[in-house]
Amino acid sequence: MQFDDDAGLDTSEVQDVRGSRIPGGRATVGGGVAGLIALLLGLFFGVGPDQLGLSSGDEEPGASASSLAQVQQTCRTGRDANTKDDCRIVAVVNSVQDYWAQEFERRGGTYTRSPTVFFSERVGTACGTATSAVGPFYCPGDRKVYLDLGFFDELRTTFGSSGGPFAQAYVVAHEYGHHVQDLTGTLDRSQDGRTGADSNAVRVELQADCYAGVWAHHATTTKDESTGRPLITSLTEADIRDGMDAAAAVGDDRIQERFQGRVTPESWTHGSAAQRQQWFHQGYRTGDMARCDTFR
Ligand SMILES: [Zn+2]
């Protein structure tokens, strides 16, 4: 994945609160069994505090953002995105949202841009207080994507994914898939509390994978609003394999096999490795969100 060196990055789409502390916060659930369980529960979840296992903290969302605002200082151009991990995520957020804004407009609708919050350790959200252990997630309460960049190391070490640049892009695009679902009204369908291979929860997750694929299809042709040229100038077959690999690594069956030694489809919340790959690929192949009807 390569970015146009000369394109300007829009850092207003990222809120960088890494290193800031939430006052009055409780002890961090960082590791051990509790951390792992929270991670499994929350991984790639798009939804509210119950399923995320978040505490309904009394902290204000985004409190004490005495932000170092690192990305605002260091991520200025596509050249930065080509060389720095956090700047690359900024560029992916820009590209994904440019795509959906243009696609909604084409369909006569309006896309509302939603920021990604970079945090470390723990963060206050409208969905409660989250620790890094829950993995990346989308909070419908404040319509923000939350991401601890340390998760991408986990993707490699804990989940055995290649974790390359496009694996990271897939994760970001998946979370924005939930934002799109929030705007179109399908996200609510995951809230019936059911799990299992045929559950609405799984269908919503697979649709977000498909939407990630739809963006990937258009990634090199979506025009950047500042330059009028595509921000992403090249995406290779190896990149796509990276994304497919990550989609499989976070499949429920893979995770269950790895961590509980057996596969129990009735407790699935996100879909199997094969399903996740299949829906990502369906989106990538067709480039059409109408082909992402996982409820059919
Ligand atoms: Zn998800």
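When a ligand or atom number is given, it counts from 1 through the structure's own listing order. One is the number of the first residue; the rest follow in order along the sequence.
At least one side-chain heavy atom of Trp100 sits under 4.5 Å from a side-chain heavy atom of Tyr211.
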Validation: residues 289-296 side-chain donor-acceptor distances under 3.5 Å, sequence neighbours left out:
from   : atom 1 : to     : atom 2 : distance (Å)
Asp293 : OD1    : Phe295 : N      : 3.1
Asp293 : OD1    : Arg296 : N      : 3.4
Thr294 : OG1    : Arg203 : O      : 2.6

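Residue Glu175 does not count as close to the Zn ion (ligand 1), with no N, O or S atom under 2.8 Å. Among the backbone and side-chain atoms of His178, an N/O/S atom is found under 2.8 Å from the Zn ion (ligand 1).
Seen from the Zn ion (ligand 1), atom OE1 on Glu205 and atom NE2 on His174 lie at an angle near 90° (rounded to 10 degrees).
Note on ring orientation: taking the six-membered ring where Trp is involved, the planes of Phe119 and Tyr146 are perpendicular (angle over 60°, cut-offs 30° and 60°).
Listed by chain and number, the residues in a side chain to side chain contact (heavy atoms under 4.5 Å, CB included) with Glu266 are Thr264 (sequence neighbours excluded).
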